[in-house]
Protein chains: 2
Amino acid sequence: MSVTLKDIAVEAGVTTPTVSKVLNASSTSARVGQATRERVMEIARRRGYRANQVARGLRMQRTTSIGLIVSGLTTPVRMRMLERIEQLLLASGYHVFIGTSEGCAEKESQYVKEFLSRQVDGLVIASRGHLTQNSHLERLAKSGVPVVLTEVEVPGLEIAQVVVDIAEGARRATRHLLDQGRRPVLLVPAGDNLSVAQRITGFLQAYTDTGRSASEGRIHRMDVSALGEPASWPRLGLAAAHELVAAYPDLDAVFASSDHVALGLMRGLRQTGRQIPDDVLVVGFDGLIESECYEPPLSTIEQPQDLLAREVVRALSEQLRDAKPSRERVSLVPELIVRESSQVG
Amino acid sequence: MSVTLKDIAVEAGVTTPTVSKVLNASSTSARVGQATRERVMEIARRRGYRANQVARGLRMQRTTSIGLIVSGLTTPVRMRMLERIEQLLLASGYHVFIGTSEGCAEKESQYVKEFLSRQVDGLVIASRGHLTQNSHLERLAKSGVPVVLTEVEVPGLEIAQVVVDIAEGARRATRHLLDQGRRPVLLVPAGDNLSVAQRITGFLQAYTDTGRSASEGRIHRMDVSALGEPASWPRLGLAAAHELVAAYPDLDAVFASSDHVALGLMRGLRQTGRQIPDDVLVVGFDGLIESECYEPPLSTIEQPQDLLAREVVRALSEQLRDAKPSRERVSLVPELIVRESSQVG
DNA sequence: CTGAAAGCGCTAACAA
DNA sequence: TTGTTAGCGCTTTCAG
């Protein structure tokens, strides 16, 4: 079927190791005769030789492949990061296996096992952190395989992590609203993942930072079970708008859990006659590029996706190079982008 | 490092082939003694044995891996499809290598070569069809590797294709606008890819279908060179809005190339004082779930992403099963979703 | 400078 | 029922 080292060796009248040395010239300081070298190279080129990476992987105990596990591609932020990671890894000669865990720890652990049995050289796990169910990660930490965890910080894990400081992002957004004399409501999906926990932390901290009581902070949880397939966060935001105006007659500001939620939220608020930003201020989360064209343009916490991708790949590369796992922590602070939706006048 | 067949064989006091037979019991009707079987299974379970898929792949000439090449993850439609494809393939025991070609035929061809050298069992190529530069696909067609091309139909290729009938989608959208007595402008990115060509075809066909002259169809090309990184289609739509009102004083309807373009377009039109849908009707393309929460809710051509993914995997699976490529053509018709942006009153 | 030998971990064919 | 032999395609070590 495809041309092998042997095919070339036969045609060149040499043995396979010789051909191998020629073709991997750069790596080993291969000492091969000039004549043979040229002859072999010519034949290889002419026959379109490409090394069988499976055989090579078996022999070298190194596959130049990386397993990348994401909880889902359905958010544009993740997909952008994923794309960047893939590009950066490719530049270092790695190909990536992708796995979508749907935020399920069970599936995540499944992928880890399968990717390891495929002998990946390293693993990137971008799951939305489950509060529990991290036993497979602990096992992984001990296995000595290069791993980088990203997206949400999972405390108490001996694994390199490159994460966004969601709490700080939430704090900034909330502070921005408080500073305008409003009393923001935090809108989060129901459920106990770390991302939500950190939003709440930052949200309440902004209250106490400004001399208010944490108990003043109102938190509204969206019923995620109604989330269809594909997930429609805007629709959830839309419903939440009606719930919010019913629950809080004095509603004057909302910090939404994502830009998509904010999109639906703003529409819903308009349906109830609220003007944005005149009646209600809104801040989103993600920094979707299109949010600048929402009605009105949405203030948001911008996820540093490109930087995140770069740091993930850097952290992984170091482990790959040193052939040992690290425990470094990189925490990136997301920036607040202020647009019309959160500023009067 | 990790436990091998041999480790188990030694511990069980048998040879590796025996262990292999036990562990692959289902496949071959392996005839192994009940006692040995149980002993081996117990040891394998206890030691947490997982077959080395690289070795297995080399031996079996079959890696249960698929290469998936997309032009970019940056559109939600593609990412949804990708996610579905990955899930479906996983269900059949395949893992996927991902490659993002950025719509560049050169990179695409690069990935094809690299994935083949990794001995993938099949390939899915979801590139936005380049009009030229398909020589690598022609070579691929001859290679006998199972391949499915998707997203945009590339004529004259001996490769299985599962595509969306973009022309028909464009025809329907245009017809919908014409039927309301408007004279829609087609908004497309500049450049010569097949997707644009097909939009134009369908657009003009709607004109002739309704007894109009094709020359009445106005086409506006957006300067894509201004497209930043990450790509901001809304921003392009925003700019286009101003160009359109300047170019066509009687502007009364626009068929945009994507929902994101439409988002920016609608914002831009409002900036110039146009009301949507009262002054200008707008239809998008993609069927993004969030477009129902745009202002106003956007009419759009819905890409049948899930069906597309299913058909892609089906077409590929058939080739994998029969161990031979096919040339089947599946063309899916996208549906028009009518919302407020394209209907007066 | 090149060849011979060995083996990565696995499975398929055949013997015993 | 089990073991022996062999080899997937490649690279590494060691002789020559």
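Everything quoted here is computed from the prediction, not taken from an experiment.
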Side chain of [X] (C-beta onward), nearest among [options]:
X: A:Lys21; options: C:dC8, C:dT2, D:dT11; result: C:dT2
X: B:Thr36; options: C:dC10, D:dT2, D:dT13; result: D:dT2
X: A:Asn24; options: D:dT2, C:dC10, D:dT11; result: D:dT11

Between B:Glu108 and B:Ile69, is there a donor-acceptor pair closer than 3.5 Å when you use the side chain of the first and the backbone of the second?
-> no
To 10°, what angle do the rotation axes through the five end pairs on each side of the helix from C:dC1-D:dG16 to C:dA16-D:dT1 form?
->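 Rounded to the nearest 10 degrees, the bend comes out at 50°.
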Flag side-chain contact, heavy atom, 4.5 Å: [X] against [Y]:
X: B:His95; Y: B:Ile66; answer: no
X: A:Val112; Y: A:Arg139; answer: no
X: A:Ile98; Y: A:Glu86; answer: no
X: B:Thr4; Y: B:Asn52; answer: no
X: A:His136; Y: A:Lys113; answer: no
X: A:Val54; Y: B:Val54; answer: yes

Phosphate-side-chain proximity, [X] and [N], N/O vs OP1/OP2 below 4.0 Å:
X: B:Thr18; N: D:dT2; answer: no
X: B:Thr16; N: C:dC10; answer: no
X: A:Gln61; N: C:dG9; answer: yes
X: A:Ser20; N: D:dT12; answer: no

Let me know the distance between [atom1] of [X] and [atom2] of [N], rounded to the nearest Å.
X: A:Leu5; N: C:dA4; atom1: CG; atom2: C1'; value: 16 Å
X: A:Asp7; N: D:dC10; atom1: CG; atom2: P; value: 9 Å
X: A:Arg118; N: C:dC8; atom1: CZ; atom2: P; value: 22 Å
X: A:Lys6; N: D:dC10; atom1: NZ; atom2: P; value: 11 Å
X: B:Arg62; N: C:dG9; atom1: CZ; atom2: P; value: 22 Å
X: B:Gln119; N: D:dC8; atom1: CD; atom2: P; value: 13 Å

Verdict with supporting geometry, B:Arg78 and A:Glu83, salt bridge (charged side-chain N to carboxylate O under 4.0 Å, His left out) | CA-CA 12 Å; B:Arg78 253 193 295 259; A:Glu83 182 171 3; over 6 Å; no
Mind running a 4.0 Å heavy-atom check of residues 48-59 of chain B against DNA chain C and sending the residues that fall below it, in number order?
-> B:Tyr49, B:Ala51, B:Asn52, B:Ala55, B:Arg56, B:Arg59
Using a heavy-atom cut-off of under 4.0 Å over every strand shown, decide if B:Thr15 touches base, sugar-phosphate, or nothing.
->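 Result for B:Thr15 = base.
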Closest to the 5' end of DNA chain D, once B:Met60 and A:Met60 are matched to their nearest nucleotides, is B:Met60
Side-chain donor-acceptor pair under 3.5 Å between B:Arg56 and A:Ser117, yes or no?
-> no
Could you give me the CA-CA distance, side-chain angles and deciding distance for B:Glu229 and A:Arg80, then say whether salt bridge (charged side-chain N to carboxylate O under 4.0 Å, His left out) is met?
-> CA-CA 11 Å; B:Glu229 180 60 36; A:Arg80 167 81 191 163; 2.8 Å; yes
